[in-house]
There are 2 protein chains.
Amino acid sequence: MKIGDLEKQSGISAYTLRYYEKEGLLMPSKRGENNYRHYSQDDLITAKFIKRSKACGFSLSETASLLAIKTDKSQHVCAEAKSITHSKIQEIEEQIQRLQHMQETLIQLEKYCCGGQESAEFCSIISALEQDQIIEKGE
Amino acid sequence: MKIGDLEKQSGISAYTLRYYEKEGLLMPSKRGENNYRHYSQDDLITAKFIKRSKACGFSLSETASLLAIKTDKSQHVCAEAKSITHSKIQEIEEQIQRLQHMQETLIQLEKYCCGGQESAEFCSIISALEQDQIIEKGE
DNA sequence: CTTGACCTTAAACTATACTCTAAGGTCTAT
DNA sequence: ATAGACCTTAGAGTATAGTTTAAGGTCAAG
Ligand SMILES: [Zn+2]
Ligand SMILES: [Zn+2]
Ligand SMILES: [Zn+2]
Ligand SMILES: [Zn+2]
């Protein structure tokens with residue numbers, strides 16, 4: 001499989017596949033005489049693994065760690081995979097909390113604004129942002 | 001007020017205040033003979049406005065739009081402020097949905113992994129990522 | 001045998017929001 | 001008068017995850 005084929009099979013752009021290679025995530029199993037990348041079925045599995053990992057919210061660096069486990073399972077233990085996963089769950093939980101807090105604030109802001117074509121002189125959104133009413137939590 | 005004072009009063013670093021100036025969000029009301037930035041009480045209010053806006057999840061560019069309304073209220077209408085706010089609510093809603101979907105997937109992944117010191121040969125997390133079980137949704 | 005599709009590389013560019021450095025000028029207190 | 005705190009600028013660096021470009025080499029079909 002050449003890079004264009006893997007692009008179609010995996011749904012990951014050739015640009016990105018080269019980038020993943022540079023980052024050490026997905027090395028083609030060999031290079032042809034013309035120096036073209038040649039990917040195996042295993043490489044396709046790895047490409048999809050990366051895609052799924054990303055869909056779960058793992059960063060490329062975390063994905064690389066999971067990939068290292070996958071590649072050499074006997075040299076790794078469940079605890080490693082579970083720890084990475086657990087940290088991500090915590091992290092996402094915090095993000096959700098942060099977003100929900102913002103969401104509540106925004107909904108309050110929106111609620112009292114008429115949204116009409118009149119001057120923003122007394123706009124509740126603008127004045128709320130001017131006052132000390134909003135609970136300040138750095139993003 | 002010099003930049004260091006505004007830094008203390010607003011809790012925004014001097015670096016960031018200069019950056020906000022470069023981005024057109026917060027211009028000091030004047031410059032001293034020594035070219036030092038001089039900030040007024042109004043500038044402090046603006047600085048806090050920016051901070052609150054960011055805490056609500058608005059980007060710097062959205063904050064700039066809100067700031068433009070605040071600065072010249074009579075030339076703007078409620079509809080503008082409400083529209084910006086409404087879009088942000090939608091955007092955050094989508095982010096929360098995305099994160100919750102990830103969260104559910106991750107929790108399923110974590111659930112069946114023993115997390116012990118045994119080889120990752122049969123780790124459910126790794127094998128789930130290898131299989132086509134995970135609903136693929138690009139991040 | 002040429003056209004067009006596909007491949008190669010290194011490096012620059014995108015986006016966001018800072019953060020820091022270097023080299024130098026100014027201010028305040030002792 | 002000199003140390004130390006504070007200010008100035010332009011520009012580079014940080015982080016993440018790509019995306020694109022430029023300049024060129026290779027391959028299959030007609
Ligand atoms: Zn109104
Ligand atoms: Zn309003
Ligand atoms: Zn196990
Ligand atoms: Zn496991």
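Proteins get letters first, then strands, A, B, ... in listed order; numbering begins at 1 in each.
- The nearest whole Å value for the distance from the NZ atom in K8(B) to the C1' atom in dA5(D) is 9 Å.
- Considering only side-chain atoms of Y20(B), the nucleotide from dC18(C), dT8(D), dT19(D) that sits closest is dC18(C).
- An OP1 or OP2 oxygen of dT9(C) is reached within less than 4.0 angstrom by a side-chain nitrogen or oxygen of R31(A).
- Neither OP1 nor OP2 of dC7(D) sits under 4.0 Å from any side-chain N or O of R37(B).
- The local environment of CD in Q97(B) is crowded, with over 12 non-hydrogen atoms from other residues, nucleotides or ligands closer than 6.0 Å.
- Salt-bridge check for E7(B) with R37(B): failed, with every basic side-chain N at 4.0 Å or more from each acidic carboxylate O.
- Per the geometry, CZ belonging to R18(B) stands 7 Å off P belonging to dC7(D), to the nearest Å.
- At whole-Å resolution of the value, NZ in K30(A) and C1' in dT8(C) are 18 Å apart.
- In the model, E104(B) has no side-chain atom that pairs as donor or acceptor with a side-chain atom of Q100(B) under 3.5 Å.
- Here dC7(C) is the nucleotide among dT9(C), dT19(C), dC7(C) with the atom lying nearest to any side-chain atom of I3(A).
- Without hydrogens or angle criteria, T85(A) side chain to E110(B) main chain gives no donor-acceptor distance under 3.5 Å.
- Between Y15(A) atom OH and dT20(D) atom C1' there is a gap of 5 Å when expressed in whole angstrom units.
- A donor-acceptor contact closer than 3.5 angstrom is absent between the side chains of S127(B) and S124(B).
- If you measure from atom CD1 of I12(B) to atom P of dA17(C), you get 14 Å, rounded to the nearest angstrom.
- Sorted by first and then second residue, the pairs that involve residues 55-81 of chain A and meet salt bridge (Lys or Arg N to Asp or Glu O under 4.0 Å), not counting sequence neighbours, are E62(A)-K88(A), K73(A)-E130(B).
- At whole-Å resolution of the value, CG in N35(A) and C1' in dG24(D) are 13 Å apart.
- Between T16(A) and dA17(D) there is no side-chain N or O to OP1 or OP2 distance below 4.0 Å.
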- Query: What string of B, S and - do you get for nucleotides 25-30 of chain C, 5' to 3', if B is base contact, S is sugar-phosphate-only contact and - is no contact with any protein heavy atom under 4.0 Å?
  - Reply: BBS---
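- Look at K22(A) and you won't find any side-chain N or O under 4.0 angstrom from OP1 or OP2 of dA10(C).
- OP1 or OP2 of dT19(D) has at least one side-chain nitrogen or oxygen of S13(A) nearer than 4.0 Å.
- Distance E23(A) CD to dA15(D) P: 12 Å, rounded to the nearest Å.
- Once rounded to the nearest 0.5 Å, the distance linking CG of L6(A) with NE2 of H38(A) reads 12.5 Å.
- If you take CE of M1(A) and C1' of dC7(C), they are 16 Å apart, rounded to a whole angstrom.
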